[in-house]
2 protein chains.
Amino acid sequence: MKTGQQIREAAPQHPGTVVPGLRERKKQRTRDALLRAALELFTTKGYERTTVDEIAEAVDVSQRTFFRYFAGKEEAAFAVQDMVESHFLDAVRQRPPHEGPLEALRKAVLESWDNIGDAVEEIIPIELHMRTYRLIESTPALLAVHLRRSEEMEERIAALIADREGVDVDTDPRPRVAVAAFGGVMRVTGRLWGAGEDYSVAAIRELTARYLDQVGPALMENWHGEDRR
Amino acid sequence: MKTGQQIREAAPQHPGTVVPGLRERKKQRTRDALLRAALELFTTKGYERTTVDEIAEAVDVSQRTFFRYFAGKEEAAFAVQDMVESHFLDAVRQRPPHEGPLEALRKAVLESWDNIGDAVEEIIPIELHMRTYRLIESTPALLAVHLRRSEEMEERIAALIADREGVDVDTDPRPRVAVAAFGGVMRVTGRLWGAGEDYSVAAIRELTARYLDQVGPALMENWHGEDRR
DNA sequence: GAGGCTAATGACAGCCACTGACAGTTGACA
DNA sequence: TGTCAACTGTCAGTGGCTGTCATTAGCCTC
């Protein structure tokens with residue numbers, strides 16, 4: 001039986017880490033292999049032009065197996081994004097409470113851009129992740145899903161912000177309005193970055209900071225105390 | 001041959017209107033019938049659960065014919081939205097130049113809510129349009145497309161705003177930032193309205209106004225003259 | 001360490017959205 | 001009225017995705 005080079009080597013075990021059984025490790029390897037093959041194919045020949053059969057074939061499993069790991073092509077395309085986003089949420093949660101809402105969000109993003117590298121690299125090469133990001137921005141079907149996911153994120157962030165500011169997210173419009181404005185800017189920068197020439201992390205970091213500067217002075221204020229309802 | 005009740009009666013001709021040929025009228029009727037049948041089915045039994053075959057059957061045409069009028073189920077779902085959006089764009093264009101960007105946008109939306117009624121009613125009952133709007137908000141696949149379309153709209157609006165304020169949309173971040181913030185608020189209100197109890201036009205109008213009030217004071221300023229780049 | 005249990009997989013059939021190709025039908029117009 | 005072009009129906013095929021069932025292969029117990 002051909003195992004395929006996509007199946008990556010087992011990483012050395014850290015001491016204290018519980019070694020999962022063979023079954024579990026095999027599953028993980030299959031998933032990783034499928035994910036990498038999918039992203040590689042997507043970014044090489046285009047999302048729509050890549051068939052699930054091709055992905056499965058590249059890893060030498062049946063088409064049915066692909067669907068047992070991913071709900072669809074879509075889910076594979078966003079698997080890494082999923083991880084990045086949960087890191088961002090953590091970063092927001094760890095912001096000191098004295099920072100204003102937009103200040104906290106701003107610092108959390110910029111910090112995230114500095115840290116994703118390591119987390120992503122454990123699964124796929126970061127360069128592949130960057131290519132995938134641009135693919136998402138330029139593929140209508142994926143862009144649509146990306147935006148829906150962003151909206152879901154914003155709802156979670158709004159709840160976080162409302163909580164840290166001690167206001168009610170359902171009666172006070174400010175958390176959602178602030179997050180919507182913030183999210184809007186993030187999307188603009190993401191799009192401009194994808195359309196631009198410089199694909200470095202530094203470039204999107206700089207762009208983000210510059211655009212956020214335009215909202216900051218206008219919206220960055222402390223909500224403690226007053227009620228604007 | 002069964003013509004199907006979905007085919008609506010020809011409207012009385014306004015004087016001065018050029019009467020299109022029989023072929024053209026027939027096409028229009030088929031398209032309208034397909035659209036109405038589609039929306040009716042979507043809102044009744046759900047978007048995913050209605051097949052194109054069902055829509056075609058309801059109008060008594062072949063499935064292939066449906067695809068000659070609409071690129072896919074999706075396009076049918078957004079046909080009315082298309083019209084509403086172009087009306088909104090017109091409203092923005094007609095705002096007097098002395099109004100600030102956010103003031104102009106705000107007035108254009110509120111005015112649009114007052115006027116869509118007549119335009120929509122020429123194609124489908126308003127109540128069906130309202131139901132469709134809610135369907136879009138609550139169907140993940142449609143919501144995703146809705147958001148992508150919103151982004152496209154925002155790009156067009158940003159260009160309009162930049163133009164009326166006399167700034168360059170590619171070097172000055174403010175048009176896109178302002179429109180992103182505005183669009184974010186619009187989406188929040190749309191979602192809250194869809195999730196709420198009151199489905200009247202008045203309700204969404206009020207909600208929109210209330211939420212926009214929270215961005216207004218913070219962002220509504222006149223850009224003439226200064227350069228914030 | 002043999003055998004039973006069960007998760008993981010493969011093979012296959014089928015649904016639905018969508019497309020291309022070709023042939024038949026019907027307005028438009030000379 | 002006959003020709004042309006537009007519209008339509010039919011049919012075959014592709015690709016995403018799901019349900020089902022038999023087979024394989026870790027895992028665990030005695």
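Order of the sequence lines fixes the chain letters, A, B, ..., with proteins taken first and strands second; residue numbering starts at 1 for each chain.
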Can you tell if the side chain of [X] reaches within under 4.5 Å of the side chain of [Y], non-hydrogen atoms only?
X	Y	value
A:N115	A:S112	no
B:Y69	B:L35	no
A:R164	A:R95	yes
B:F66	B:D53	no
B:D198	B:I204	no

Could you state the [atom1]-[atom2] distance from [X] to [N], rounded to the nearest angstrom?
X	N	atom1	atom2	answer
A:R31	C:dA8	CZ	P	13 Å
A:Q28	D:dG26	CD	P	17 Å
B:K27	D:dT8	NZ	C1'	12 Å

Report the C-alpha separation of B:R187 and B:E154 in whole Å, then their side-chain angles, then the decisive distance to 0.1 Å, and conclude whether the salt bridge (Lys or Arg N to Asp or Glu O under 4.0 Å) test is met.
CA-CA 12 Å; B:R187 263 172 271 127; B:E154 284 181 24; 2.3 Å; yes
Mark up nucleotides 15-30 of chain C, 5' to 3', with B wherever a protein heavy atom is under 4.0 angstrom from a base atom, S wherever such an atom reaches only the sugar-phosphate, and - elsewhere.
--SBBBB----BBS--
Relative to the ring of B:F88, is the ring of B:F182 parallel (under 30°), tilted (30 to 60°) or perpendicular (over 60°)?
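Parallel: the ring planes of B:F182 and B:F88 meet at under 30°.
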Residues in contact with DNA chain C, drawn from residues 135-143 of chain B - heavy-atom cutoff 4.0 Å
none
For A:L207, which residues count as a side-chain contact (heavy atoms from CB on, under 4.5 Å) partner, sequence neighbours excluded?
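Result, side-chain contact (heavy atoms from CB on, under 4.5 Å) vs A:L207: A:T189, A:L192, A:W193, A:R210, A:Y211.
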For a quick check of understanding: with a heavy-atom distance under 4.0 Å over all strands, which category does A:T65 fall into, base, sugar-phosphate or nothing?
sugar-phosphate
Strictly below 4.0 Å: does B:Y69 bring a side-chain N or O up to OP1 or OP2 of D:dC7?
no
